Structure formats: C-alpha cells, structure tokens
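The structure under discussion appears below in the form of structure tokens.
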Amino acid sequence: MVRLSTAIALLAAARSVTCSSAPVETRDDSPAYLNSSLSPKERAADLLQRMTWEEKVGQLGGVRKTLSRTDGQATFNKTAFDLVHKTQNGQIGLGSQYNYAKDVLPVVNELRAEQLNSTRLGIPYVTITDSLNSMWVSGGTLFPGAVSMASSWNLDLYEQAVAAIRDENHALGVNWVLSPELDVAYDPRNGRNGEMYGEDTYLISEFGTRYVKTMQAKDENGFVKIATTIKHWVYGRGNGGVNRASMEGGINHILNDLAPPYIKVIKEAEPLSLMVSYASVDRVPMSINKYMIKDVLRGILGFKGLIMSDANSIEYTVTESKVSKSREDAAQKALRAGLEHELSPAGTGLFTTLINFANNTEIVDLIDQSVLALLEIKFVTGVFDNPLPSVETLGSTLRNERHLEVNRNISRESIALLKNDGMLPLQRSNVSKVAVIGAYADMINAGMYAACNATDPAYGNSFRRSLARELGDENVLYAKGVDALPSNDSSGIDAAVAAAREAGLAVVVLGSGYGTFDLSEMNNRRTDGEGFAHADLGFPGLQQQLLDAVLDTGVPTVLVMSSGQTFVLNESTMRSDAILHSWFSGEFTGDALVEIIFGDVNPSGKLTVTMPQANGAFPVAYDYLASDDQGGFGTATLYDWQWPQVTRYAPLRFGYGLSYTTFYISPPAASCSGNVKISTTVTNTGNMMGKEVVQLYYRPEHSVIEFPVMKLIRFSKVDLAAGESKAVSWTIPTNELGYYIDGEWNVDYGNYTFWVGSSSRAEDLQRLNVTISG
C-alpha cells in the first residue's frame with residue numbers, strides 16, 4: 001500500500017494502550033492507529049481522538065459513483081468527484097456496471113493512493129459495492145441470481161460460488177459489500193424477489209449465513225476479506241408489492257415472519273453491517289424508526305455492527321414520507337434513531353448538514369459512535385495495512401478456471417423442472433432442427449444488480465447461442481416473435497409459428513425484467529427489478545399470445561421461464577409438454593439448459609417460492625396460517641377465492657421440482673431425548689444418477705399464538721447413483737422449535753407433527769408425531 005510512513009513495519013511486538021482522551025504514540029513516534037498489532041477497536045479509538053469535526057462528518061458518507069461510462073469508455077470526472085469528496089469521503093463505490101474491472105482498478109487505485117498520501121491523517125477509503133451474483137463491474141465470473149442459486153438447495157456449492165465472488169471482489173480492492181439480502185419473497189408482485197433467496201425464513205437463514213461467513217473469512221494476516229451488509233431491515237411485504245411502500249408492524253409478525261433470517265445470521269455469522277429498508281413500518285420510516293432500530297434490532301436481536309441507510313432513504317423522509325421538515329431535521333432524526341452511515345448515490349447526503357451541530361453534545365457523541373463503527377470496519381478489513389490490489393492479481397483471479405467450473409455446476413443445479421409429460425430429455429438422434437422462440441432466448445437475463453449487458457455475447461452464451469453450438473447454427477431456427485418488453489407489435493408471431501412447424505420441435509423462452517441500473521435501460525417498459533413491481537403475474541406484453549400461437553400448432557413444445565419472479569401459469573400455458581424455470585441467468589445458464597434438455601444433466605432445482613394460481617390469489621407462500629385458508633361458510637364456500645376458484649394451497653409449491661429419475665424416501669423414524677432426531681433413507685429407484693432434496697417440516701399441535709400450517713426446519717441435498725441409497729438424519733434442538741410472543745422466546749411442549757419428503761406438497765410428504773416433554 002502507498003503510505004507516507006512505513007515505520008509500522010518495524011514494530012516488533014504489540015503495545016499496550018491506555019484509554020484516554022489524548023491520542024497515543026508508540027515508541028517509534030508513529031501513531032497508535034497505524035499499529036496493526038493493536039485491536040481494531042483500539043486503533044479506531046486512537047484515530048478518532050486525532051480527527052477534526054470536519055473529518056468526522058466526512059466519514060459518514062462517500063462517493064458512490066466514482067466512474068461513469070461515455071461512448072463505451074470508462075470516464076472519470078475529477079471535478080464532480082472532488083465536489084462530493086470534500087464533505088463525503090468515508091467510502092467510495094465503482095460507478096457504471098458496464099465498465100470493465102481492468103479499466104476501473106488503475107483509476108480507483110490512484111484515488112486510494114491520493115487519499116492515503118495527500119490527506120492529513122491518511123485515512124483510506126473503504127470500497128463498497130453491491131454484490132449478488134458477480135462483482136459490481138464487468139469482467140468477472142457471472143453467476144446466476146440469488147433466487148436462482150437458492151433454487152439449487154445446495155449450500156456447499158453456494159458457499160463455493162460466494163467464495164469465488166468474494167475473491168474476485170477482493171482482487172479489485174472491494175472491502176465491503178451491500179449483501180446478502182435476507183428479505184422474505186412473500187409478495188409475488190415485488191420486483192426485487194429475484195434478489196432474495198425465497199419465501200421461507202429457514203432457507204433464507206441458511207443461505208444468508210453461508211454468504212456472510214464465506215465473505216467475511218479472514219486472509220493470511222487475520223483481516224476480514226470482505227465485510228458484509230445484511231439487508232433490508234425490514235422489507236419484503238410492502239403494500240401492493242411496491243418497492244418503497246409501507247408495511248404492517250406488529251411485533252409478533254415482525255419477529256416470527258420477517259426477522260428469523262436476521263436472528264440466525266447475526267448470531268452465527270456476525271455480519272459487520274446492516275442496511276435499513278425504505279419501508280415505513282407501522283407508519284414510521286425505517287430510516288428514523290428508533291423503536292425498530294434500537295429496541296428491536298439492537299435490543300432483542302443483539303446486533304452490534306454498523307447500521308446504514310438505504311440509498312437516499314434519509315432524504316425520502318423529507319420528500320416522500322413528509323415526516324421531516326428539512327434536510328437537517330431528517331439527518332438529526334436518522335442519527336438519533338440509530339443510523340451511522342449514509343448511502344447517497346447522487347452525492348447529496350443529508351448527514352453533511354450535521355456539520356452545523358458541533359456544539360450539540362448529543363449530536364457530537366452520536367457522530368463519534370458512528371465514525372468509530374466505520375473505522376472499525378476499515379481496520380478489521382485491513383484497508384490501513386494491506387497493499388493496494390494489483391492489475392496482475394486481478395488478471396489471474398477473475399474468471400479463473402476454478403471459478404468457472406463452480407459457476408457451471410451451480411448453474412446446472414439452479415434450474416427447476418416443473419412439468420414433464422415424458423418429452424424430456426430429448427434424444428439427440430431424434431432431433432434434427434429446433435425452433436427457438438422468444439426474445440429472452442437470445443439474452444442473458446441476469447438481474448439488475450449483475451454486471452451484464454443482456455444482449456452482448458461477451459457476457460456469456462444465451463440459450464440460442466448455446467443450442468447453436470450444440471446443433472449447428474443451421475439447425476436452430478430462431479424467431480423473436482415479440483419484444484421482450486411490452487409492446488403492441490405482434491408482426492413476428494407468424495414467423496415464430498412457421499419456425500415451429502418447420503422444425504417440428506419448439507423451445508419457447510419467456511421472461512420478464514431484463515436490464516441493469518444503466519440509465520439507458522431505466523424506463524417505464526421495465527416489468528421486474530427494483531422499482532418495477534408487477535400487478536399482473538402473467539408474461540409481460542404479447543409473450544402469452546406468442547406461446548399460445550406456438551402451442552396451437554400442436555408441435556411438441558418446451559417452455560423455459562427466465563426472470564426473478566414467479567408467473568401465473570394458466571391452462572393454456574400448461575399445455576406445454578415440459579416447463580422449466582431458469583430464474584435469473586448466469587453466463588452458463590444457456591449451456592446448462594441445453595445439457596438438461598438433452599439429458600446430459602439431470603435437473604435437481606426446486607422452487608423456493610410458490611407459484612400463484614391466479615392474479616390476486618396471494619399471498620400464497622406455503623407457510624400460511626390455518627385461518628388464512630378459511631373461505632367462509634363451510635361447504636358453501638370451499639375456496640379462499642371464489643373467482644377463480646382457488647385456495648392458498650397451490651400445486652406448484654415451495655420445495656417442488658422434478659427429476660429424470662425417481663426417488664423413494666423411507667418412512668421416517670424419530671427419537672426425542674432433549675433434542676429431536678429425525679432419520680430416513682432415500683433411494684434412487686430409477687436408472688439415472690440424480691440429486692434429491694430431502695426436506696423436513698414441522699408444527700406444534702397447539703400454540704399460544706397462531707402458528708403456520710407447517711415450517712421448514714431442515715433440508716439435505718443428496719447425490720445418488722442409480723440404485724443407490726443413503727441415510728439422512730437431522731438433530732433439532734428443542735429450543736429451535738419455538739417462536740416469539742411480544743419479544744420473548746417461547747417453546748411449546750407436547751405433541752408436534754413432523755413431515756419428511758421431497759417438497760411441501762401433501763402428496764410428497766410422510767407424517768410422524770413426536771411428543772416433547774418440558
């Protein structure tokens with residue numbers, strides 16, 4: 001690392017530090033905060049005492065958009081950067097997603113060096129970006145989306161994917177990521193469901209814990225590689241599925257339905273930071289919600305890390321919620337509520353107004369606490385001590401073969417087969433031509449938080465390109481049919497129908513929501529993603545009309561869905577001979593689809609969200625309350641919704657997914673002596689190697705407050721050769737079976753029902769009863 005003083009390298013042993021209001025010097029006259037043998041807390045406390053008021057306030061924000069992109073080139077506007085940096089200099093972001101890492105690193109390294117060498121105390125930036133399924137900028141390994149990788153139900157493989165994403169970020173000098181998202185994908189209208197893991201809190205907890213532990217692994221010098229940010233506290237059930245909409249706020253609802261992933265991840269993985277949501281909870285915006293931040297998050301959940309705003313969320317208390325009278329009022333309210341850092345992509349952070357309160361002892365104390373929290377992250381992640389990343393290390397890390405192989409494997413396991421009338425797998429000897437239909441067949445729909453130009457082959461193979469590589473361009477008859485985004489242009493449908501008839505076999509790829517945060521792609525035609533909710537859960541635009549026209553030909557048809565959302569699959573759609581959901585794509589999703597369709601890979605993905613049966617027939621998550629499934633007056637009203645006549649029990653349920661082989665799960669056995677132990681054996685009864693996800697659900701017979709009809713509590717993904725059997729067992733501490741009542745943990749004793757099976761569908765489960773004694 002470029003540094004004014006290298007005297008710290010000569011320190012031979014740890015020094016003792018006396019806590020006082022005066023800065024501490026070490027024997028060689030270098031400041032104590034540069035002594036890497038001291039704890040991050042000690043170093044932060046020493047540095048804080050040396051900082052001026054202006055320097056402290058500057059740490060509360062940063063420059064989020066460091067580089068732009070103009071005419072296909074990465075560009076840096078020093079005047080704009082310096083204007084924001086003057087008052088917001090705690091962290092920096094990387095800017096445009098379409099810039100390539102190799103072009104970004106030299107510029108950002110210059111800024112990092114300048115901050116170290118040309119500022120009074122040499123306090124480095126911490127580099128912070130979002131990171132769901134790739135680095136924030138281009139040039140790295142592009143994995144499938146969060147909901148996609150969760151659909152693999154393979155925690156070990158996911159850990160490998162996160163480790164690859166971590167190492168690529170680290171090679172770029174990223175020290176802090178704004179992930180993982182622990183929100184519950186409860187409302188199918190929400191445009192951000194693709195960023196989430198699914199609708200079940202236990203599954204979210206498991207994937208979130210793996211993400212945090214893996215990202216925050218330590219390097220050879222004992223520094224955390226990359227700090228994580230769990231988010232959004234709390235979110236996922238916004239009114240109408242709208243991104244920044246309000247939410248209900250009953251404490252039992254929050255602690256039992258929304259908070260469990262946070263509780264587990266905080267306890268087991270110790271994330272270094274947390275982001276609050278945009279939502280108003282019980283009419284109080286989360287950015288100024290002292291009860292939810294201090295009483296619940298700090299108090300009940302015991303979170304000890306840094307707490308930050310979401311982008312511009314403090315400002316929205318002035319401009320949208322109208323609960324703050326001015327920028328200064330909003331900043332004070334947020335600080336007093338417990339926020340310690342502000343994200344402001346436009347560089348107009350409200351915490352800058354706190355500069356005017358140097359004589360307010362309460363504000364001064366709160367800012368000291370906030371700056372300490374940020375400084376500790378900087379010391380913990382080694383930005384004061386580790387060298388700047390090199391272009392050489394970046395080149396050898398990005399897209400190395402190990403990362404690519406992990407990506408191929410998780411792409412294969414992330415795809416769920418939802419219907420198969422015996423059409424799949426296809427036999428190559430029987431396939432001469434294939435009609436590939438739909439705009440989404442020729443793009444990589446990776447989600448807006450991924451660095452991916454959907455139509456640029458540099459980011460990977462679309463399904464069309466993957467299939468053409470397998471069969472030859474001349475044997476793939478491609479027809480877009482209709483636009484990917486809503487339009488009234490149906491002129492291409494006839495060509496799609498003709499292609500299907502000529503080939504005698506069609507694969508139709510329909511989807512929703514492609515695009516990034518690039519301004520050229522932010523428009524009112526978008527149908528999924530952050531800020532783009534969907535009241536209609538059908539295929540956007542004329543895509544359903546396109547599918548119907550192809551199905552009307554009678555040609556054998558495979559439907560592939562590409563999006564972060566679930567869709568209503570109407571009767572016409574269900575005429576498809578086979579249906580696959582590939583979710584948000586990675587660079588190898590197209591290849592994986594070809595492998596699955598031809599049987600080179602046996603599909604093993606499972607739904608992590610339930611597919612609604614009709615527009616408006618939701619919430620439809622599998623873990624509803626028993627009273628949610630009572631339409632009204634006995635046999636006169638058998639349905640929860642009378643038109644169309646459907647119940648909350650949807651057929652395409654959480655945990656469901658088909659395979660090309662068959663599995664037998666033996667009747668489970670249980671024992672209870674302090675803990676509950678459930679065991680079973682799973683056998684591959686088919687003639688093809690396959691992977692089954694064995695799932696365990698439970699509920700108490702009686703509870704103090706209403707309990708869901710069932711809840712997932714364990715799962716295991718088992719790899720089995722044809723004819724092979726493996727034992728599966730789980731041990732569940734009795735205390736884990738409880739729930740919160742008014743902020744207190746409660747465990748019921750008595751009779752419990754457990755279910756073991758391959759999905760949450762009744763026909764896929766075997767039931768057993770267990771009595772738990774107090």
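Atom set for the values below is all heavy atoms of this structure, side chains included, hydrogens, waters and symmetry mates excluded. Predicted model only: the values in this text are computed from it and were never measured.
- For the pair Lys65 and Phe517, the NZ or CZ position fails the cation-pi test of under 6.0 Å to the six-membered ring centre and within 45 degrees of the ring normal.
- Screening residues 255-273 for side chain to side chain donor-acceptor pair (under 3.5 Å), with sequence neighbours left out, gives Trp176-Ser273, Asp183-Tyr262, Glu206-Lys264, Thr229-Ser273, His253-Asp257, Lys264-Glu268.
- Lys290 and Asp295 are not joined by a salt bridge, as no carboxylate oxygen comes within less than 4.0 angstrom of a charged side-chain nitrogen.
- The existence of a salt bridge linking Arg648 and Asp623 is excluded, since no basic side-chain nitrogen approaches an acidic carboxylate oxygen closer than 4.0 Å.
- Salt bridge absent: Glu315 and Arg244 never bring a charged side-chain N and a carboxylate O closer than 4.0 Å.
- Every residue two or more places apart in sequence or in another chain was checked for a side-chain hydrogen bond (donor to acceptor under 3.5 Å, both in side chains) with Arg237, and none qualifies.
- Taking Tyr211 as the reference, nothing meets the side-chain hydrogen bond (donor to acceptor under 3.5 Å, both in side chains) condition, with sequence neighbours excluded.
- Between Lys325 and Asp329 there is no salt bridge, since no side-chain N of the basic residue sits under 4.0 Å from a carboxylate O of the acidic one.
- In this model, no donor atom of one side chain and acceptor atom of the other lie less than 3.5 Å apart for Ser68 and Thr75.
- The ring-ring contact (aromatic ring centres under 6.0 Å, His included) contacts involving residues 295-317 comprise Tyr278-Tyr316, where partners must be two or more places apart or lie in separate chains.
- With hydrogens and angles left out, the side-chain atoms of Arg112 and Thr127 include a donor and acceptor closer than 3.5 Å.
- Listed by chain and residue number, nothing satisfies the side-chain hydrogen bond (donor to acceptor under 3.5 Å, both in side chains) test with Ser370 (two or more places apart in sequence, or in another chain).
- For residues 59-94, the set of pairs meeting the ring-ring contact (aromatic ring centres under 6.0 Å, His included) definition, not counting sequence neighbours, comprises Phe76-Phe81, Phe81-His85, His85-Tyr125.
- Ring geometry for Tyr100 against Tyr459 counts as tilted: the plane angle lies between 30° and 60°, on a 0 to 90° scale.
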